[in-house]
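In this text, all values refer to a predicted model and were calculated from it rather than measured experimentally.
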Amino acid sequence: QVQLVESGGGLVQAGGSLRLSCAASGHTFSTYTMSWFRQAPGKEREFVAAIDQSGGSTYYTDSVKGRFTISRDNAKSKVYLQMNSVKPEDTAVYYCAGRWGDYGLPYVSRAYDYWGQGTQVTVSS
């Protein structure tokens, strides 16, 4: 089991940058596949990015590819989402999610067992 807590959200201008952090409690963090999802008001939760246990493999949704970077520091039990060149359509609550084991890099919400409470990102134009 792992508990996840997101931080780093806030208000940024279009074209700016923001770094989200997800802190995990527990001693088995390195055994979890981690991901970021987001949910805008009135919309379904959507996949953003995923990273494998070692951090050697990543996967992104097309809308953020080239702008966002997911990374992890297993020594600190943290996963990050570096958001560059942000757009107003990036506005959403961002959630950190984890799943034990190596099943590839799933991109559907139901594949993940553990979720943070979310952090709000608002991009102004």
Side-chain angles (χ1 to χ4, degrees):
Q1 296 187 18
V2 61
Q3 183 176 347
L4 306 174
V5 180
E6 303 96 335
S7 63
L11 175 64
V12 297
Q13 293 184 329
S17 297
L18 197 67
R19 186 185 184 186
L20 306 183
S21 297
C22 174
S25 62
H27 61 281
T28 59
F29 177 72
S30 63
T31 69
Y32 284 77
T33 297
M34 301 298 297
S35 68
W36 288 94
F37 287 75
R38 66 186 181 185
Q39 188 168 23
K43 298 182 67 176
E44 298 289 334
R45 186 170 298 184
E46 65 174 344
F47 171 80
V48 177
I51 189 167
D52 71 355
Q53 292 89 339
S54 69
S57 296
T58 58
Y59 179 70
Y60 301 90
T61 190
D62 286 344
S63 64
V64 307
K65 193 174 299 181
R67 299 189 298 119
F68 293 5
T69 302
I70 187 172
S71 62
R72 67 191 296 162
D73 186 341
N74 286 341
K76 295 182 177 181
S77 296
K78 290 184 177 180
V79 62
Y80 307 97
L81 185 68
Q82 179 66 45
M83 306 169 60
N84 296 330
S85 302
V86 296
K87 304 175 181 179
E89 50 262 46
D90 294 322
T91 295
V93 176
Y94 283 71
Y95 297 91
C96 178
R99 174 173 182 163
W100 182 90
D102 184 3
Y103 302 95
L105 297 176
Y107 50 87
V108 293
S109 298
R110 64 179 181 270
Y112 293 88
D113 301 309
Y114 303 101
W115 294 82
Q117 294 182 337
T119 185
Q120 176 71 49
V121 173
T122 302
V123 182
S124 62
S125 59

Between Q117 and E6 (side chain of the first, backbone of the second, donor and acceptor by atom type, cut-off under 3.5 Å), is there such a pair? no

Within this structure, what is the NZ-CZ distance for the pair K76 and F29, rounded to the nearest 0.5 Å? 12.5 Å

Determine which pairs satisfy disulfide bond (SG atoms under 2.5 Å apart) with at least one residue from residues 50-80, sequence neighbours left out, and list them in order. none

Over all atoms of both residues, closest heavy-atom pair of A24 and L4: CB-CD2, 3.7 Å

Those residues at least two apart in sequence (or on a different chain) that pass side chain to side chain contact (heavy atoms under 4.5 Å, CB included) with S71 are Y80

Applying side chain to side chain donor-acceptor pair (under 3.5 Å) to K65 and not counting sequence neighbours gives D62

Taken to the nearest 0.5 Å, the spacing of I51 CD1 from S35 OG works out to 10.5 Å

From T58 atom OG1 to R72 atom CZ, the distance as rounded to the nearest 0.5 Å: 12.0 Å

Exercise: identify the closest heavy-atom pair between Y112 and P106: OH-O, 2.6 Å

Going by side chain to side chain contact (heavy atoms under 4.5 Å, CB included), name the residues that satisfy it together with Y59, two or more places apart in sequence or in a different chain. F47, L105, Y107

N74 side chain to S30 main-chain N or O, any donor-acceptor pair under 3.5 Å? no

Atom pair SG (C22) and CH2 (W36), whose distance is rounded to the nearest 0.5 Å: 5.0 Å

For atom CD of E46, is the number of surrounding heavy atoms from other residues, nucleotides or ligands below 6.0 Å larger than 12? yes

CG/L81 to CZ/F37 distance, rounded to the nearest 0.5 angstrom? 12.5 Å

Under the rule for side chain to side chain donor-acceptor pair (under 3.5 Å), what residues qualify as partners of Q120, not counting sequence neighbours? T122

Hydrophobic clustering (ILVMFWY, side-chain heavy atoms < 4.5 Å, transitive) - are M34 and W115 grouped together? no

Evaluate the side-chain proximity of V2 to T28: yes if any heavy-atom separation is below 4.5 Å, no if none is. no

Give the table of side-chain donor-acceptor pairs shorter than 3.5 Å for residues 86-101, with sequence neighbours excluded, one pair per line with atom names and distance.
from : atom 1 : to   : atom 2 : distance (Å)
D90  : OD1    : R38  : NH1    : 2.9
D90  : OD1    : R67  : NH2    : 3.1
D90  : OD2    : R67  : NH1    : 2.8
D90  : OD2    : K87  : N      : 2.8
T91  : OG1    : P88  : O      : 2.9
T91  : OG1    : V123 : N      : 2.9
Y94  : OH     : R38  : NH1    : 2.9
Y94  : OH     : D90  : O      : 2.7
R99  : NE     : A111 : O      : 3.3
R99  : NH1    : A111 : O      : 3.0
W100 : NE1    : T31  : OG1    : 3.4

How far apart are the closest heavy atoms of Q39 and K43, and which atoms are they? NE2-O, 3.1 Å

Validation row: V12, M83 side chains within 4.5 angstrom (heavy atoms): no

When rounded to the nearest 0.5 angstrom, what is the spacing between CD1 in I70 and CD in Q82? 12.5 Å

